[in-house]
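Note that the structure is predicted; figures quoted are calculated from it, not measured.
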Amino acid sequence: MSFCESRSQFAVGWLNGGNRDRFEAMATAGGPPMGILASMAGEPVGWCACGPRSRYAVAISGRSKILRNRVPTEDERVWLIPCLFVRVGHRAQGVTYTLVRAAVELARREGAIAIEGWPVAGSNRQSPDAFLGREKVFEDLGFICVGRPHPQRAIMRLELSGQ
């Protein structure tokens, strides 16, 4: 929810349960799913938030520098992967690859023309931004780097139209 609402809304929602309530409301309102859940033997092990860029108001706001060079008219038709999470004990087992592949397929089924991620660039395993994914994962799955707004951040894009 941190990219779907203002920082102050998110902070308050963290304390009072409002984030969960807003997430549930968005998830049940119709439209594309909120993301992909990975499970093993019935146990949740990973999560990938994904959806149209327009869903992520903070990410595309004028204050955000990461996606400032995007084409705003694409915000409904281009999807974004703003967050990935894999539980401890299940990391380094390919779960992130599976989640990103599933997000690509979901975006394709929902009619997206492209899907983007904004992963951490380089090999800093301790990055506080690791929840954004790693550039290598996106690269391995066919995404192309279309921008580097910061030395430690890449904008990765996979075109879906015509594929």
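- Contact check for Ser39 versus Val45: no side-chain heavy atoms found under the 4.5 Å cut-off.
- Side-chain contact between Leu158 and Ile144: absent, with no pair of heavy atoms (C-beta onward) separated by less than 4.5 Å.
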Go through the steps to decide whether Leu84 and Trp47 satisfy the test side-chain contact (heavy atoms from CB on, under 4.5 Å), and finish with yes or no. CA-CA 6 Å; Leu84 292 150; Trp47 165 254; over 6 Å; no
Should Lys136 and Glu139 be marked as a salt bridge (Lys or Arg N to Asp or Glu O under 4.0 Å) after you check the CA-CA gap, both sets of side-chain angles, and the distance that decides it? CA-CA 5 Å; Lys136 180 167 179 15; Glu139 187 177 84; 5.8 Å; no
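- Distance check, rounded to the nearest 0.5 Å: OG of Ser54 to CD of Glu76 gives 3.5 Å.
- Atoms CZ and CG, from Arg101 and Asp140 in turn, are 9.0 Å apart once rounded to the nearest 0.5 Å.
- Taking 4.5 Å as the limit, every side-chain heavy atom of Cys83 sits out of range of all side-chain heavy atoms of Cys48.
- Residue Ile36 comes nearest to Ala102 through the heavy atom pair CG2-CB, 3.8 Å, listed as atom of the first residue, atom of the second, then distance.
- The nearest pair of heavy atoms linking Trp79 to Cys50 is CZ3-SG, 4.0 Å.
- In plain terms, the two heavy atoms of Glu105 and Arg108 that are nearest each other are OE2-NH1, 2.6 Å.
- Distance CZ/Arg53 to CZ/Arg70: 6.0 Å, rounded to 0.5 Å.
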Carefully, step by step, assess Val95 and Met40 under the rule side-chain contact (heavy atoms from CB on, under 4.5 Å). CA-CA 10 Å; Val95 175; Met40 292 182 172; 3.9 Å; yes
Under the criterion side-chain contact (heavy atoms from CB on, under 4.5 Å), I'd like the reasoning laid out for Leu141 against Val100: C-alpha separation, chi angles, the key distance, then a yes or no. CA-CA 8 Å; Leu141 294 174; Val100 173; 3.6 Å; yes
For the pair Glu43 and Arg87, evaluate salt bridge (Lys or Arg N to Asp or Glu O under 4.0 Å) and give the outcome as yes or no after the intermediate values. CA-CA 10 Å; Glu43 174 189 0; Arg87 288 178 67 183; 2.9 Å; yes
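- Arg134 places no side-chain N or O within 3.5 Å of a backbone atom of Pro119 that could act as its donor or acceptor partner.
- Under the 4.5 Å side-chain heavy-atom criterion for ILVMFWY residues, no single connected hydrophobic cluster contains both Val78 and Val146.
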Does Glu110 form a salt bridge (Lys or Arg N to Asp or Glu O under 4.0 Å) with Arg77? I'd like the steps, not just the answer. CA-CA 9 Å; Glu110 292 288 330; Arg77 301 175 305 137; over 6 Å; no
Check the pair Glu135 / Arg153 against side-chain contact (heavy atoms from CB on, under 4.5 Å), numbers first and verdict last. CA-CA 8 Å; Glu135 182 178 10; Arg153 187 65 57 81; over 6 Å; no
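- In terms of heavy atoms, Phe143 sits closest to Ile115 at CE2-O, 3.4 Å.
- Across every non-hydrogen atom of Ala103 and Ile81, the tightest pair is CB-CD1, 3.9 Å.
- Nearest heavy-atom pair, Ile155 versus Pro149, reported as atom, atom and distance to 0.1 Å: CG1-CD, 3.8 Å.
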Test Glu74 against Arg157 for salt bridge (Lys or Arg N to Asp or Glu O under 4.0 Å), laying out the working first. CA-CA 13 Å; Glu74 293 182 339; Arg157 182 174 171 120; 3.1 Å; yes
